[in-house]
Structures are given as structure tokens and as C-alpha cells.
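To start, the structure itself, in C-alpha cells.
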Amino acid sequence: MEHNALTTFRKLNKVYGAMFFILILLLLLASILVSNYGPLSQQHPQQTALFKSINIAITALILILAYVYPQLQIKKMDSSMALQEKIDAYSRIIRFRLLMIVAAGLITCLFFLMTGDTNLMVVLAIIIIFLILARPTPFKTAADLNLSEEEKNILLKHK
């Protein structure tokens, strides 16, 4: 049972690593494309400002959803569940969070490709910071799930 919980937690960390890599890759590709070819469409400055505002609003909504909804789901979890069940449920919830954050990054990259507005790279940097903060560490997981000392020790064997 202990081994399965550790395996699931390790897989979750691999998913996190892949999501982080994907987001950095999107940033690099968008930056290279805009620097070599320019924005996909030419707009008036007003349209660019509108698209930037739309992107910031969408990003804010997605990031809020990515943090609030999973935390509500985690709080609803039954504390009497076995460690494996807790880690499985937690893994699904955190994967949703990571996907939402990467989706915000993808949307920002698309808006950057359309407009070429480098201010959107600042938005993407903020999204990357949120992704870094969302990393599933053993300590954060133990705190989120209110694990017992024995369960914490099992999870800390992750390293």
C-alpha cells in the first residue's frame, strides 16, 4: 500500500515536470516565431490593447479557478480514507490544477502570437511562477491532506 502511494506521488511529480517543460517550450516557440516572422495579424494599437486585456482577464479567471476549485475538492476529501486513496484523489485534483495553469499559458502564447505584444510575456512569466508554486511537494501534500505523522513519513520517503 505504501509503495503504491509513493509510486502515484512520483508519477504526479513527473506530470508536473512534463507540464513545466511544455510551458517553457511554448514560451520559446512563441518567442522565436514572433521574433522571426512577426505577429500573425496586424492590428491597430487599440485592438492589441483589447486583446491584451482579454488575455489578462481569461488568465486571471483560469488561475483563480485552478486554485480555488482544487482546494475546495481537497477540503471535501474524507480524512478517514487510506493513504493510497488520498494520494490517488489528490493526484487527480492536482493534475486538473496543472492542466488549467498550462491552458492559461497556451492561451497567452496564442494571444502573443496574434499580437506580438511583449507585455504578454510578462503574463506568461507570472503563469510560470504560479506553476512553480503549484508543484506537488511532500510537505505541501501532507499539509493539504492533513496527513498523520506515519503517513507523512511514508510520503517523505519520496526523496
Side-chain angles (χ1 to χ4, degrees), residues 5-77 85-147 155-156 158-159:
L6 283 175
T7 303
T8 302
F9 191 72
R10 285 184 183 120
K11 286 180 183 177
L12 179 60
N13 275 288
K14 287 180 182 177
V15 168
Y16 168 80
M19 297 288 184
F20 189 80
F21 177 75
I22 288 169
L23 197 54
I24 297 297
L25 189 63
L26 285 172
L27 165 71
L28 289 173
L29 288 174
S31 179
I32 290 169
L33 287 172
V34 169
S35 68
N36 286 332
Y37 302 109
L40 295 178
S41 62
Q42 298 296 325
Q43 295 111 8
H44 293 104
Q46 293 171 341
Q47 285 178 314
T48 300
L50 176 66
F51 283 162
K52 183 170 60 173
S53 298
I54 290 170
N55 178 254
I56 291 171
I58 290 171
T59 298
L61 287 173
I62 290 173
L63 291 179
I64 290 169
L65 177 64
Y67 274 87
V68 171
Y69 180 73
Q71 284 308 116
L72 291 174
Q73 293 298 102
I74 291 169
K75 288 188 187 312
K76 288 181 183 179
M77 288 175 55
E85 292 173 330
K86 287 179 186 177
I87 296 296
D88 284 342
Y90 187 75
S91 177
R92 284 189 301 275
I93 293 167
I94 296 303
R95 286 174 195 229
F96 172 78
R97 175 178 284 165
L98 297 175
L99 281 172
M100 293 299 291
I101 294 170
V102 171
L106 175 65
I107 291 168
T108 300
C109 284
L110 291 175
F111 274 92
F112 175 66
L113 284 171
M114 287 181 355
T115 64
D117 186 349
T118 55
N119 291 331
L120 292 177
M121 289 294 101
V122 173
V123 174
L124 192 56
I126 292 168
I127 292 169
I128 290 171
I129 290 169
F130 273 91
L131 185 62
I132 291 169
L133 294 174
R135 180 174 180 229
T137 64
F139 297 108
K140 188 186 305 181
T141 302
D144 281 346
L145 297 176
N146 294 321
L147 297 180
L155 197 59
L156 289 175
H158 164 67
K159 296 287 178 182

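One is the number of the first residue; the rest follow in order along the sequence.
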Ile93 and Met77 have their tightest heavy-atom pair at CD1-SD, 4.0 Å
Whether Lys140 side chain and Leu133 backbone form a donor-acceptor pair below 3.5 Å | yes
Which distance, rounded to the nearest 0.5 Å, do you find between the OG1 of Thr141 and the CG of Leu12?
-> 7.0 Å
Output yes when a side-chain donor or acceptor of Ser91 lies under 3.5 Å from a complementary backbone atom of Ile87, and no otherwise.
-> no
Which of Leu33, Asn119, Leu120 passes side chain to side chain contact (heavy atoms under 4.5 Å, CB included) with Phe112? Answer is Leu120
For the student: nearest non-hydrogen atoms of Pro70 and Phe96, plus distance | CG-CD2, 4.0 Å
Report yes if some heavy atom in the side chain of Ile94 is under 4.5 Å from a heavy atom in the side chain of Arg97; otherwise report no.
-> yes
Mind checking the CD1-OG1 spacing from Ile64 to Thr59? Nearest 0.5 Å is all I need.
-> 11.0 Å
List the atom of Tyr16, the atom of Leu131, and the distance in Å for their closest heavy-atom pair.
-> CE1-O, 3.2 Å
Could you go step by step and tell me if Ile132 and Phe20 meet the side-chain contact (heavy atoms from CB on, under 4.5 Å) rule?
-> CA-CA 8 Å; Ile132 291 169; Phe20 189 80; 3.6 Å; yes
Identify the two heavy atoms, one from Leu124 and one from Cys109, that lie closest to each other, and give their separation to 0.1 Å.
-> CD2-SG, 3.6 Å
Here the gap from Ile126 atom CD1 to Thr108 atom OG1, rounded to the nearest 0.5 Å, amounts to 9.5 Å
Distance (rounded to the nearest 0.5 Å) between Leu40 CG and Phe111 CZ = 12.5 Å
Is there side-chain contact between Met19 and Ile101, with heavy atoms separated by less than 4.5 Å?
-> no
So, do Tyr90 and Asp144 sit near enough that their side-chain heavy atoms are less than 4.5 Å apart?
-> yes
When rounded to the nearest 0.5 angstrom, what is the spacing between CG in Leu26 and CG in Leu106?
-> 5.5 Å
For Phe130, does its backbone N or O pair with a side-chain atom of Tyr67 as donor and acceptor, under 3.5 Å?
-> yes
Counting N and O atoms only, with roles assigned by atom type, does the side chain of Ser31 sit under 3.5 Å from a partner on the main chain of Leu27, one being a donor and the other an acceptor?
-> no
Spatial distance of atom NZ (Lys75) from atom CD (Gln71) [nearest 0.5 Å] | 6.0 Å
Derivation of the side-chain contact (heavy atoms from CB on, under 4.5 Å) call for Ile127 and Val123 = CA-CA 6 Å; Ile127 292 169; Val123 174; 4.1 Å; yes
Locate the shortest heavy-atom distance separating Leu63 from Ala104; write the atom from each residue and the value.
-> CD2-CB, 4.4 Å
Under the side-chain contact (heavy atoms from CB on, under 4.5 Å) rule, what do Met114 and Gln47 come out as? Steps first, then yes or no, please.
-> CA-CA 11 Å; Met114 287 181 355; Gln47 285 178 314; over 6 Å; no
